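To start, the structure under review is shown below, and the notes come after it.
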Amino acid sequence: MVNTRSMTRKLNKDVSASWSDLDHDLLLLIMMHLGVLDFIAFGDVCKSWRSVAVSNWNKFMVSKQPMYLSISSRLNDKECYLEDYQRRKLKTTIPHSNGTICVGITCGYLIFFEREACDFWLVNPFTKKELCFRDFPFGVTPFPTRFRGILVFSPSMFGWVFVVITHAFADKIAFSLPGEQSEWYYATSPSIIHDLHFFKGKIYTIDWNSQLCELRLNREPTLTLLNMKNFPWAHNYMLEFLSSSENLFVVDAVGDVLAVEADFDEMKWVTSNRTIGAYAVFLSNFKCAAAIRPDTWIHPWTQYQRLNFSDGYDPSKTRRMCLTTSMWYFPHDCLIDTDPG
């Protein structure tokens, strides 16, 4: 009996110890078949598994399709509902969301605004990681189509910066570092700003006059006009940025969706026929959009509501489909959990 118990304890010890010693190639194979929530849990099992998850974070996230996202309107802590392409649903409670409104999403973080304290809370619905930007000095519209906020890393500001435009002061851009003592800095545009976007290490704005500018963050920020030629539309009311990993587009999301591409080599706007046709285009009411290659997806178009999509220079030609919902959650856009904060 003693020997049997001793052998059992030794066996259990060996089995327990073996989990962290599993072959990393095998772990990677298993990991790539997980959903996003299971992937987060996978990385919390042990140091060895977390190492595999962290080193393959981008590979995993890029392989996952966008998810439908909705937020409850309850006054106390809000619930976030996500649904993946296989119709699997997830409900999670968002901390510090009591008395807030959800106004957007950036880098995998939901953006909540607390009206009474005038604070922005950025919360990752999977990891529950939070960033707080205090004492915003302007009002924030409750309409997500009129708000835009992006999280970027700024070497000149020595950290992660939250950059904001709102309908209440649409000719100004405000930005701040997280934390209790941080202050807000401002840049002013000569025209009303439609949208701003982070693309290949730079921040761009598009304004009421269809002018493209580059925003450079520092304590005295600059907004530089880029002399782009051949913008095709005379009057624009809902201009919005859309990008893939390689291309920057501007879309006019009124009626049939129109798109043009920024050619920075020639400094002009060009037809998007050559490039955007290879992408699945995702649009939403929360100024959260993306163009993503569906090469690795299974039946990518069958699960989503669709909308007409046309080339910006001739709406009668090159009609294709894009995907639309109230709010998308893009796993490929999620920052690795150890990056910000």
Side-chain angles (χ1 to χ4, degrees), residues 58 62 106-107 148-157 160-161 163-165 170-171 173 175 187-218 220-253 257-283 287-295 309-315 317-318 320 322 330 332-333 335:
N58 289 338
V62 167
T106 178
C107 297
R148 179 63 155 163
I150 58 174
L151 181 67
V152 301
F153 183 82
S154 171
S156 60
M157 296 295 292
W160 291 92
V161 178
V163 189
V164 180
I165 57 171
D171 64 336
I173 304 169
F175 59 94
T188 302
S189 168
S191 182
I192 293 173
I193 303 169
H194 278 293
D195 199 8
L196 73 151
H197 194 72
F198 184 73
F199 177 71
K200 290 189 174 182
K202 297 181 179 180
I203 301 174
Y204 295 100
T205 67
I206 187 79
D207 67 22
W208 187 265
N209 297 318
S210 308
Q211 293 179 320
L212 186 71
C213 296
E214 180 184 341
L215 172 67
R216 295 186 179 180
L217 300 181
N218 49 61
E220 295 182 0
T222 58
L223 194 62
T224 304
L225 175 65
L226 304 179
N227 293 312
M228 302 287 287
K229 300 175 289 185
N230 300 345
F231 197 83
W233 311 315
H235 302 287
N236 313 287
Y237 300 99
M238 291 185 66
L239 291 183
E240 181 176 336
F241 283 114
L242 170 75
S243 69
S244 66
S245 59
E246 297 298 327
N247 308 97
L248 179 66
F249 306 96
V250 167
V251 299
D252 186 351
V257 179
L258 310 176
V260 289
E261 180 183 349
D263 183 340
F264 290 108
D265 292 330
E266 300 290 334
M267 294 301 292
K268 65 180 181 181
W269 298 100
V270 298
T271 173
S272 60
N273 285 352
R274 296 177 293 104
T275 52
I276 204 167
Y279 297 97
V281 176
F282 294 82
L283 301 175
K287 281 188 175 292
C288 183
I292 309 171
R293 284 188 175 274
D295 305 58
F309 180 86
S310 307
D311 175 75
Y313 284 86
D314 188 348
K317 298 179 181 179
T318 323
R320 66 186 301 271
C322 70
F330 298 117
H332 79 277
D333 198 34
L335 293 173

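All values derive from a computational prediction rather than experimental measurement. Throughout, numbering of the chain's residues begins at 1 and tracks the sequence.
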Measure the shortest side-chain to side-chain distance between I206 and I193 over non-hydrogen atoms and say whether it is less than 4.5 angstrom. no
For residues I292 and H332, determine if any side-chain heavy atom of one lies less than 4.5 Å from a side-chain heavy atom of the other. yes
D195: which residues meet the salt bridge (charged side-chain N to carboxylate O under 4.0 Å, His left out) condition with it, sequence neighbours left out? R148
So which heavy atom on L225 is nearest to which on C213, and how close? CA-SG, 3.8 Å
Distance from H197 atom NE2 to Y204 atom OH, nearest 0.5 Å? 10.0 Å
Between W160 and L151, is a side chain to side chain contact (heavy atoms under 4.5 Å, CB included) present by the stated rule, with each step listed? CA-CA 7 Å; W160 291 92; L151 181 67; 3.9 Å; yes
Counting distance only, does the side-chain N/O of S244 pair as donor-acceptor with the main-chain N or O of A291 below 3.5 Å? no
Quick one: CG on L242 to SG on C288, what's the gap to the nearest 0.5 Å? 10.5 Å
Measure the CG-CE distance between N218 and M157 for me, rounded to the nearest 0.5 Å. 7.5 Å
Can you check whether W208 reaches H194 side chain to side chain, under 4.5 Å on heavy atoms? yes
Listed partners of S191 passing side chain to side chain donor-acceptor pair (under 3.5 Å), at least two apart: N209
Gap separating the CG atom of L239 from the CG atom of L212, nearest 0.5 angstrom: 11.0 Å
Would you indicate whether the side-chain heavy atoms of F241 and L248 approach each other to under 4.5 Å? yes
Would you call V163 and V152 a side-chain contact if the rule is heavy atoms closer than 4.5 Å? yes
Using the test salt bridge (charged side-chain N to carboxylate O under 4.0 Å, His left out), find all partners of K200 that sit at least two apart in sequence or belong to another chain. E246
Applying side-chain contact (heavy atoms from CB on, under 4.5 Å), can you list everything that pairs with T188, at least two apart in sequence or on another chain? D171, K172
M228 and K268, any side-chain heavy atoms less than 4.5 Å apart: no
Just so I know, are the side chains of D207 and I192 near enough to count as touching, which here means a heavy-atom distance under 4.5 Å? no
Who passes side chain to side chain donor-acceptor pair (under 3.5 Å) against S156, sequence neighbours left out? S154
Could you check whether F199 and F249 have their ring centres less than 6.0 Å apart? no
F282 and F330 aromatic ring geometry - parallel, tilted or perpendicular at 30°/60° bounds: perpendicular
Distance in Å, L226 CG paired with K202 NZ, rounded so as to fall on 0.5 Å steps: 8.0 Å
Among residues at least two apart in sequence or on other chains, which ones pass salt bridge (charged side-chain N to carboxylate O under 4.0 Å, His left out) with E214? R216
Could you go through the side chain to side chain contact (heavy atoms under 4.5 Å, CB included) check for W233 and D252 one step at a time? CA-CA 9 Å; W233 311 315; D252 186 351; 3.8 Å; yes
Taking P232 as the fixed residue, which of V270, V250, V260 is the one that meets the side chain to side chain contact (heavy atoms under 4.5 Å, CB included) rule? V260
Run the ring-ring contact (aromatic ring centres under 6.0 Å, His included) test on F153 and F198 for me, step by step, so that the C-alpha distance in whole Å, both residues' side-chain angles and the decisive distance to 0.1 Å come before the verdict. CA-CA 10 Å; F153 183 82; F198 184 73; 9.9 Å; no
Measure the spacing between OG of S189 and CD of Q211 and express it to the nearest 0.5 Å. 7.5 Å
